[in-house]
Amino acid sequence: MVKLDSRKLKTTDKSINFARNDFPILQTQMNGQPLAFLDTAASAQKPACVIEAMNDIYKNNYSNIHRGLYNISQKLTEEYETARAKIARFVGAASEKEIIFTRNATESLNLIAQSWGRKYLKKGDEIIISGMEHHANIVPWQLLQDQIGIIIKTIPVLEDGTLDLEALPNMLSTRTRLVSAVHISNGFGTINNINKITEITKEFNPKIKVCIDGSQGIVHTPVHMQNLGTDFYVFTGHKLYGPTGIGVLYGRYDILETMPPYQGGGDMIERVSLEEGTTYKEPPYRFEAGTPAIVEVIGLGKAIDYVQTIGIPAIQNHERKLLEYGTEKLRAINGLKLYGPENPDQKAGIFSFTMDCAHHSDIGMILDQCGVAIRTGHHCCMPLMHRFSIDGTARASLGLYSNADDINQLAEGLQKVRKLFA
Ligand SMILES: Cc1ncc(COP(=O)(O)O)c(C=O)c1O
């Protein structure tokens, strides 16, 4: 493993340390200490350019979109649709018509389950998820299980925190209709081989749909839908340095075209008649009922511009160095157990750990006093925690703005935990 120290990271990653100044909140303190924000997997901080762009709309350019004939409404409509096209390019979609705006990844998955699932699945049909899914990629399918009687199978998680993909071919059957798996686990940081998942599935039967929960994946690795060959890919804006309240569902257009609306209301219709019923717009508008999150969509577009000025590969490289640095630091703490793969090629910037001397809630509270923000608990991955017979972990997660000082502050805080509890 590469040896790194805090000074070396700073000097080799000037652009990243410069980027840190773009985030106003990172210049503040928490409990009288510099804020070491290590909870990006839960939600990322926002760069000033995103905050300012959104403020600017509310101050100078706000109106509803799509239906206004006046100047500011038309301008904002154009900005909104430009953001859609930008997101389509960012994820390598074939067209902007494949990008549906939702509230978050959770809503994107519920949309697939309730629109595609209710149309295409019958009692006894099988879907396959994995044992490391976020609840957002479990519960929507369990709702369908209750509503229709589908069967849910689960790809097992191995002891090293990776998926047992060798098991997948034997789990596929003539009843399998969908495989839905997480790209990067928010629980342990495991990077799943989604190309392999897609390949195995499509080789068995190209008609089986593949859905990827990219909520963490899109933040840490480049993605390209046309190269990947997945049918659906979902993510949430607030983890990608954008605002809350905006999520994305990428869907292959020929599939979206056949799916019924998820919700009904304004903006998604062609014609409404009390006598003859209603006809619906084409995707993506068919799935965007009501006034959308206009300012948030444009804010997400700005966040993507921002991320692209640094570049996902540069972010990946920076986070990789920090992951190796942090792993070494945490391994040096007595009684600390790290979960997830040891191989940094298989892991994104997430340190999920327990300590033999203290419960994860105690760890979180002590770290708070040290200015270190981490998350504790099951991370909405109860089945994953259950698999490892734990009720939760302490989780420190990296973002593009993280640096070695954050890690050092975390390690010092953990030494304090040891002193207090051991
Ligand atoms: C892997 C993964 N999937 C889904 C979600 C749900 O995201 P949201 O709450 O924004 O819908 C999260 C959020 O933590 C996540 O990490």
Side-chain angles (χ1 to χ4, degrees), residues 42-44 50 54 64-66 79-88 90-91 93 95-119 133-141 143-144 178 180 182-183 186 209-219 223 225 230-253 255-269 280-304 380:
S43 202
V50 169
M54 293 176 71
N64 208 332
I65 56 164
H66 286 151
E79 276 194 62
Y80 178 90
E81 292 302 335
T82 301
R84 194 194 302 274
K86 198 180 291 175
I87 292 162
F90 183 62
V91 302
S95 136
E96 64 268 23
K97 291 185 193 162
E98 297 186 321
I99 302 298
I100 296 166
F101 291 126
T102 60
R103 272 191 310 127
N104 46 35
T106 303
E107 189 174 52
S108 299
L109 288 160
N110 277 280
L111 192 162
I112 300 167
Q114 290 301 314
S115 170
W116 178 85
R118 291 195 81 139
K119 172 156 181 185
E133 297 308 312
H134 186 283
H135 298 163
N137 197 24
I138 302 174
V139 186
W141 308 116
L143 290 173
L144 270 191
L178 173 83
S180 188
V182 69
H183 186 172
N186 64 305
K209 303 293 176 273
V210 176
C211 169
I212 302 294
D213 174 2
S215 303
Q216 302 290 340
I218 192 102
V219 184
V223 293
M225 293 307 121
T230 179
D231 300 291
F232 300 110
Y233 190 97
V234 308
F235 61 96
T236 199
H238 65 96
K239 296 187 203 279
L240 191 54
Y241 309 98
T244 51
I246 180 66
V248 172
L249 159 56
Y250 157 83
R252 250 184 44 211
Y253 195 76
I255 302 170
L256 294 179
E257 242 183 338
T258 69
M259 285 164 48
Y262 167 58
Q263 292 179 330
D267 231 20
M268 48 76 77
I269 53 90
Y280 309 117
K281 281 184 181 161
E282 297 294 307
Y285 305 108
R286 182 187 301 166
F287 303 103
E288 293 177 4
T291 299
I294 306 164
V295 183
E296 287 76 7
V297 165
I298 298 168
L300 177 58
K302 290 282 170 210
I304 287 175
C380 297

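Sequential numbering from 1 along the given sequence is applied to the chain's residues. In this text the structure is predicted, and so the values were computed from the model without any measurement.
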ask   = Once you round to the nearest 0.5 Å, how far does CE of Met225 lie from CZ of Arg252?
value = 13.0 Å
remark   = So CD of Glu98 and CD1 of Ile100: to nearest 0.5 Å the spacing works out to 9.5 Å
note = Minimal heavy-atom distance between Leu256 and Gly251, with the atoms involved, is CD1-O, 3.3 Å
message = My understanding is that only residues two or more places apart in sequence, or in another chain, count here; which of them pass side chain to side chain contact (heavy atoms under 4.5 Å, CB included) with Thr106?
response = Asn104, Asn110, Ala136
request  = Would you check if the distance from the ring center of Tyr285 to the ring center of His66 is below 6.0 Å?
outcome  = yes
task = Starting at OH of Tyr262, measure out to OG of Ser108 and round the result to the nearest 0.5 Å.
result = 9.0 Å
ask   = Leu240 versus Ile304: any side-chain heavy-atom pair under 4.5 Å?
value = yes
ask   = How far does CD1 of Ile112 sit from CG of Leu249, to the nearest 0.5 angstrom?
value = 5.0 Å
message = When you compare the side chain of Tyr80 with that of Pro292, does any pair of heavy atoms fall below 4.5 Å?
response = yes
task = Specify the closest pair of heavy atoms between Gly301 and Ala83, including all atoms of both residues, with the distance to one decimal.
result = CA-CB, 4.3 Å
remark   = Here the pair of heavy atoms bringing Gly245 nearest to Ala293 is O-CB, 3.7 Å
ask   = In this structure, which one of Ile255, Ile212, Val210 forms a side-chain contact (heavy atoms from CB on, under 4.5 Å) with Phe232?
value = Ile255
key: Distance in Å, Glu296 CD paired with His238 NE2, rounded so as to fall on 0.5 Å steps   = 12.5 Å
ask   = Looking only at atom types and distance, does a side-chain atom of Arg286 sit under 3.5 Å from a main-chain N or O of Met259, one as donor and one as acceptor?
value = yes
query = For Glu282 and Glu257, what are the C-alpha separation, side-chain angles and deciding distance, and is it a side-chain contact (heavy atoms from CB on, under 4.5 Å)?
reply = CA-CA 7 Å; Glu282 297 294 307; Glu257 242 183 338; 4.2 Å; yes
Test side-chain contact (heavy atoms from CB on, under 4.5 Å) applied to Lys281 and Asp267, step by step = CA-CA 8 Å; Lys281 281 184 181 161; Asp267 231 20; 3.9 Å; yes
message = More than 12 heavy atoms of other residues, nucleotides or ligands under 6.0 Å from NZ of Lys302: yes or no?
response = no
query = Heavy atoms, side chains only, cut-off 4.5 Å: are Met54 and Ile298 in contact?
reply = no
ask   = Taking all atoms of both residues into account, what is the closest heavy-atom pair of Ile99 and Pro284, and its distance?
value = O-CB, 3.3 Å
Heavy-atom closest contact (Gly214 atom, Phe235 atom, distance) = O-CB, 3.7 Å
message = Nearest 0.5 angstrom please: Cys380 SG to Ile138 CD1, how far?
response = 9.5 Å
ask   = With sequence neighbours left out, which residue pairs that include part of residues 232-248 fulfil the salt bridge (Lys or Arg N to Asp or Glu O under 4.0 Å) condition?
value = none
inquiry  = So Glu288 and Met268, do their side chains get closer than 4.5 Å, heavy atoms only?
reply    = no
task = Any pair with a residue in residues 100-110 that passes salt bridge (Lys or Arg N to Asp or Glu O under 4.0 Å), sequence neighbours left out, goes on the list, sorted by first then second residue, please.
result = Arg103-Glu107
task = Please report the C-alpha distance between Ile87 and Glu96 in whole Å, then the side-chain angles of each, then the deciding distance to 0.1 Å, and finally whether the side-chain contact (heavy atoms from CB on, under 4.5 Å) criterion is met.
result = CA-CA 8 Å; Ile87 292 162; Glu96 64 268 23; over 6 Å; no
ask   = Can you find a heavy atom in the side chain of Trp141 that is under 4.5 Å from one in the side chain of Ser180?
value = yes
remark   = Tightest non-hydrogen contact, residues Ser215 and Val219, listed as O-CG2, 3.5 Å
message = Using the rule given for side-chain contact (heavy atoms from CB on, under 4.5 Å), can you reason through Val248 versus Leu300, listing the C-alpha separation, both sets of side-chain angles and the distance that settles it, and then say yes or no?
response = CA-CA 10 Å; Val248 172; Leu300 177 58; 4.0 Å; yes
inquiry  = Any side-chain to backbone donor/acceptor pair from Ser115 onto Pro261? Under 3.5 Å, distance only.
reply    = no
task = Using modelled atom types only, decide if a donor and an acceptor are shared between the side chain of Glu133 and the backbone of Val182 within a distance under 3.5 Å.
result = yes
